[in-house]
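What follows is a single structure, written as structure tokens, with notes after it.
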Amino acid sequence: MTASSQIPPAIQIEDDRTGVTIPTLRRALADNLYYVLGKPPDGATLNDYYLALAYTVRDRLMQRWMASTHTHRLPTIKQVIYLSAEYLPGPHLGNNLMNLGLYETVQQAVAESGLDLATLLACEEEPGLGNGGLGRLAACFMDSLATLEIPAIGYGIRYEFGIFDQEIREGWQAEITDKWLQSGNPWEIARPEDAVFVKLGGHTEASTDETGCYQVRWIPHQTVKGIPYDTPIPGYRVNTVNTLRLWKAEAPESFDLSVFNHGDYYGAVDQKVISENLTKVLYPNDEPIQGKQLRLKQQYFFVSCALQDLIRTHLAQGGRLERFHEKFAVQLNDTHPAIAIPELMRLLVDDHHVPWDLAWTITQQTFAYTNHTLLPEALEVWSLDLLGQLLPRHLEIIMEINRRFLEDVRLKFPDNGEKMGQLSLIADQPFRSVRMAYLASVGSHAINGVAALHSQLLQKTVLRGFYDLWPEKFLNITNGVTPRRWMLLSNPRLAQLITRRIGDRWIIHLQDLRDLEPLAEDPEFRAAWRSVKQANKQALAQRILERTGIQVNVESLFDVQVKRIHEYKRQHLNVLHIITLYNRLKQNPSLDLVPRTFIFAGKAAPGYVQAKLIIRLITAVGEVINRDPAVGDRLKVVFLPDYNVTNGQPIYPAADLSEQISTAGKEASGTGNMKFALNGALTIGTLDGANIEIREAVGSENFFHFGHKVEELSQLRSQGYDPRRYCDHSPELNRAIHRLESGFFAQGNRDLFRPLVQSLLNDDPYFLMADYLSYLNCQEQVSQAFLNEATWIRRSILNTARMGEFSSDRSIREYAHQVWQVQSVPINLQPYSQSEA
Ligand code: T68
């Protein structure tokens, strides 16, 4: 007898909740609609059906999820703890169906119930709990951790309002609040029973207890309650289902009551509002956060919740705190969670009476730190004033960490006062503050950058002093993207074509794409590859028409730049190229120009004026060019509004050319560059971030590189960079700039783009002028290459075939072996009635 045939009658539950035949799925859908949502089929909205389907899928994750959680808690199993203030997982339903292997079956079941799966998938509001690359990386990593069966929990913040939705109104970005929770979130389960309390403000009191032990007590001004909300993160075709645990802040009832007892009912309600504000909204990047007390509260809140949660479960499993670091490997996703270091010290020393030295060893063995930026304005510092007000005990602990650290430095470098000032966790200028990257470095056993160049620069610049002290702590782990979402789900046509020819192992062993290489020479395969790209372009053209009213030519070269809008990413360099082509056309209307459709998308931080002006520039140039009859469909400029995971998915598969044109040394890695090349776009890019490694992988002959290198730029800088000189020496650049200055794209308004032009002519901190000519020439090579369809497609195939190393599975394997020291733990499923009885 097989195990399942021995199962007692309770199996009936398993049938309804976990069965995957079409009749069972249809019944489950109807049941969930009726019993969970309380809707009869005829009164149900599309969103009700989406929710019912989501619950149906969630049910089918549940047994794996509970088995994973149970197994991962065992004291012998080491778990990865990813601490990130941001996550951008994208919509869950399609991904979960795919990972469970239920996509086609559910599609059919839904169809037989008279519904369309694509329509239901479109109902899902994605959790926009991040700004860009950093949050998306966290989501790719969560997918890879689960797929590699590595026990992991992602901790973060359950922002009520995520990244704003973007609309374009009269060419300008308008921000609309993101109400992702409005229609209900079927993927999360609140766990009020696991709530923790987080202290804020107040003061500390030191005393010596009866045994002569020095003790510090923190008497807070306020306490908030953290409620965890859990979302399952299933791996691809494995039983592992990890957890994304996001915390919501609430007022503790007891606190309310004490105010209430004094008769201050409204005061109590105020208190509730103040507490709940804590996790209300995601802060935009690219805006100064210095002095934003609420942001520091958010960081501390989720980190404290996470560490308390870990200590509690560890102790409940009989674990000892001395072994905390053997149970948990905690990764800091940038410095946003770096306050975890003094927090773990506080919990160990103050709350659990672990001696300082032992606590420090545990802490350093627990944490590892990933840096994501070298931009000086993005390096986090918190003023001692603010930190001391909000976290008085943590400030004391940081000072003590610093004192001991500088003492070590002094012993190593006697008589070198300068060294101590350089390495101190406390900066004196422009105000006394804690350098969070230094704190993260001192408190971690491993420090990594996210691409080879970035890791080198990190060691040479921002963390140089620490590299000199501890070279062995430093490593590079180049970013990656999950092929499940960024190929299988978003580019089904290409995924099917590939699988037909080389099998489907590439989905979990992306290096297998290598097997496509010989097919690049096969005319039949090239034709099939081209049809897929054309179909994807057709689909994107349709969306462009629906969203912007612009009709684009699908035979034209789709030239795409989608990412956050930032001066260092140089969307305006792209625009200077467009204006140059336009000028050429105006000068010579019969010019034989390779037709191009320029596609942009991306959000600008609400307070980043120059970035918003770049959006206006793109739309303004589009308004003129798209309507000029002399241009016809040779040039089109499109700005697709509201770039996010959902809207990004159909863009990558349709691109011919990927624009990765940041100033060398500024883009830590980039991950969009990987999504494009994986989907067969060719890249035009600078030698920056992971572009360098992508170029090496796909072959320099299949990558269009241009622009000054990092060292060349520092040379230019030291020689006294004069951007106007480039204008004087290039008539085309001069004309392009003149078009902008003249108000030509702004109905004669010469003021509109003045700030951009002035910045370019006066200081040009991102070297657009210096790179313009090289970019232009390189774009000419792109155009010539595009004319030869057969070789372009060959290069496209080779790009895909050679992108295997840019899977986030590879990144995660490197973290697992080189940083975390964790192993895969396959999850055995017991039949439901046996495991739960
Ligand atoms: C990005 N950083 C890097 N930061 O810019 C990108 N910042 O090169 C890299 O590929 C990616 O991280 C992943 O490593 C960000 O996205 C932020 O979003 C951010 C958020 C809050 C504060 C500062």
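As the structure lists them, so they are numbered: ligands from 1, and atoms in each ligand from 1.
- Distances shorter than 4.0 angstrom occur between a heavy atom of His336 and an atom of ligand 1.
- Annotation: Gly670 places an N or O atom under 3.5 Å from an N or O atom of ligand 1; distance criterion only.
- Nearest to atom 1 (C) of ligand 1 by heavy-atom distance, out of Asn371, Thr335, Leu134, is Leu134.
- Those atoms of ligand 1 that come under 4.0 Å of a heavy atom in Glu86, given as number and element, are 18 (O), 20 (C), 21 (C).
- Under a cutoff of 6.0 Å and an axis angle of 45°, Lys603 and Phe164 form a cation-pi pair.
- Close approach of ligand 1 to Ala668 (heavy-atom distance below 4.0 Å) involves ligand atoms 8 (O).
- The shortest N or O to N or O distance between Ser669 and ligand 1 is below 3.5 Å.
- Nearest protein heavy-atom neighbour of atom 8 (O) of ligand 1: Glu667 OE1, 2.6 Å.
- Neither side chain, Asn479 nor Thr671, offers a donor N or O lying under 3.5 Å from an acceptor on the other.
- One finds a salt bridge joining Glu175 and Lys612 here, because a Lys/Arg side-chain nitrogen approaches an Asp/Glu carboxylate oxygen to under 4.0 Å.
- Numbered from 1 in the order shown, with element, the atoms of ligand 1 that lie under 4.0 Å from a heavy atom of Asn285 read 7 (N), 17 (C), 18 (O), 19 (C), 20 (C), 21 (C), 22 (C), 23 (C).
- The closest heavy-atom contact to atom 11 (C) of ligand 1, among the options Gly133, Ala138, Gly689, Ala690, comes from Gly133.
- Residues Asn333 and Thr370 bring no donor and acceptor atom of their side chains to less than 3.5 Å of each other.
- For atom 14 (O) of ligand 1, the nearest non-hydrogen atom of the protein is His372 ND1, 2.6 Å.
- The shell of residues lying under 4.0 angstrom from ligand 1, judged by heavy atoms, excludes Thr373.
- Counting only N and O atoms by type, the side chains of His454 and Asn476 include no donor and acceptor under 3.5 Å apart.
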(message) Working note: Asn799 + Asn702, criterion side-chain hydrogen bond (donor to acceptor under 3.5 Å, both in side chains); need CA distance, chi angles, decisive distance, verdict.
(response) CA-CA 7 Å; Asn799 262 268; Asn702 302 308; 5.3 Å; no
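- For the residue pair Lys569 / Gln561, no side-chain donor-acceptor distance below 3.5 Å is found, with atom types taken as modelled.
- Distance alone, capped at 3.5 Å, is enough to place a donor-acceptor pair between the Asn647 side chain and the Asp642 backbone.
- In this structure Tyr283 satisfies the ring-ring contact (aromatic ring centres under 6.0 Å, His included) test with no other residue, sequence neighbours excluded.
- Any N or O atom pair closer than 3.5 Å counts here, and Lys569 shares no such pair with ligand 1.
- Note on ligand 1: Tyr568 sits in its first shell, one or more heavy atoms being nearer than 4.0 Å.
- At a 3.5 angstrom cut-off on N or O pairs, Leu137 does not count as close to ligand 1.
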